[in-house]
Amino acid sequence: MPEAPTSNSDYSYFNINQCRSFRQIIGATYEGLSAQQPCSEVIVIPSATMTFRDNGYTGTDEEFEVQADAEFTFRGLTNSNQLSAKGAGNLFYRTQYFSSNPAR
């Protein structure tokens, strides 16, 4: 059985949609996502209801609430640390550049 590739350098197809998954414990005050992963989208699934802000906005009219165990995708980012959250529990999130690989 061939070994799985460890990079895209030796293959004719280069996957520019690098995705990563993370878990972070979120507390009662806003904190940025710790991954600092370059991406255009972050999919979040909080274990408890959490409130999110993006791109440095801090007003209560600029918050977005995601219910426990619901999935939501934040788009228009350039790095996962542009998203901050508050709540109480585990936040599971996945970073990606695109919702699917672009057609060429």
Side chain to side chain contact (heavy atoms under 4.5 Å, CB included) evaluation trace for T73 with V42: CA-CA 6 Å; T73 302; V42 176; over 6 Å; no
Side-chain donor-acceptor contact under 3.5 Å, D54 with Q82: no
Counterpart residues, salt bridge (charged side-chain N to carboxylate O under 4.0 Å, His left out), relative to E63 (two or more places apart): R53
Any donor-acceptor N or O pair under 3.5 Å, side chains T49, Q67: yes
Heavy-atom check, side chain of L33 versus side chain of Y93, under 4.5 Å: yes
From N81 atom CG to Q36 atom CD, the distance as rounded to the nearest 0.5 Å: 4.5 Å
CG-CD1 distance between D69 and I45, expressed to the nearest 0.5 angstrom: 8.5 Å
Sequence neighbours excluded - side-chain hydrogen bond (donor to acceptor under 3.5 Å, both in side chains) pairs with any residue from residues 83-92: R23-N90
Approximate separation, where rounding is to 0.5 Å, of S80 OG and R20 CZ: 9.5 Å
Heavy-atom check, side chain of I43 versus side chain of T95, under 4.5 Å: no
Heavy-atom check, side chain of L91 versus side chain of F52, under 4.5 Å: yes
Non-hydrogen atoms of Y97 and P38 that approach each other most closely: OH-CB, 3.3 Å
Criterion side chain to side chain contact (heavy atoms under 4.5 Å, CB included) on Y30 and T51, from CA distance to verdict: CA-CA 8 Å; Y30 276 104; T51 307; 2.9 Å; yes
Flag, side chain of Q24 to backbone of A35, donor-acceptor distance under 3.5 Å: no
pair F92-P46: side-chain heavy atoms closer than 4.5 Å: no
Partner residues of F72 under the ring-ring contact (aromatic ring centres under 6.0 Å, His included) criterion, sequence neighbours left out: F64, F74
S40 vs Q96 side-chain heavy atoms within contact, under 4.5 Å: no
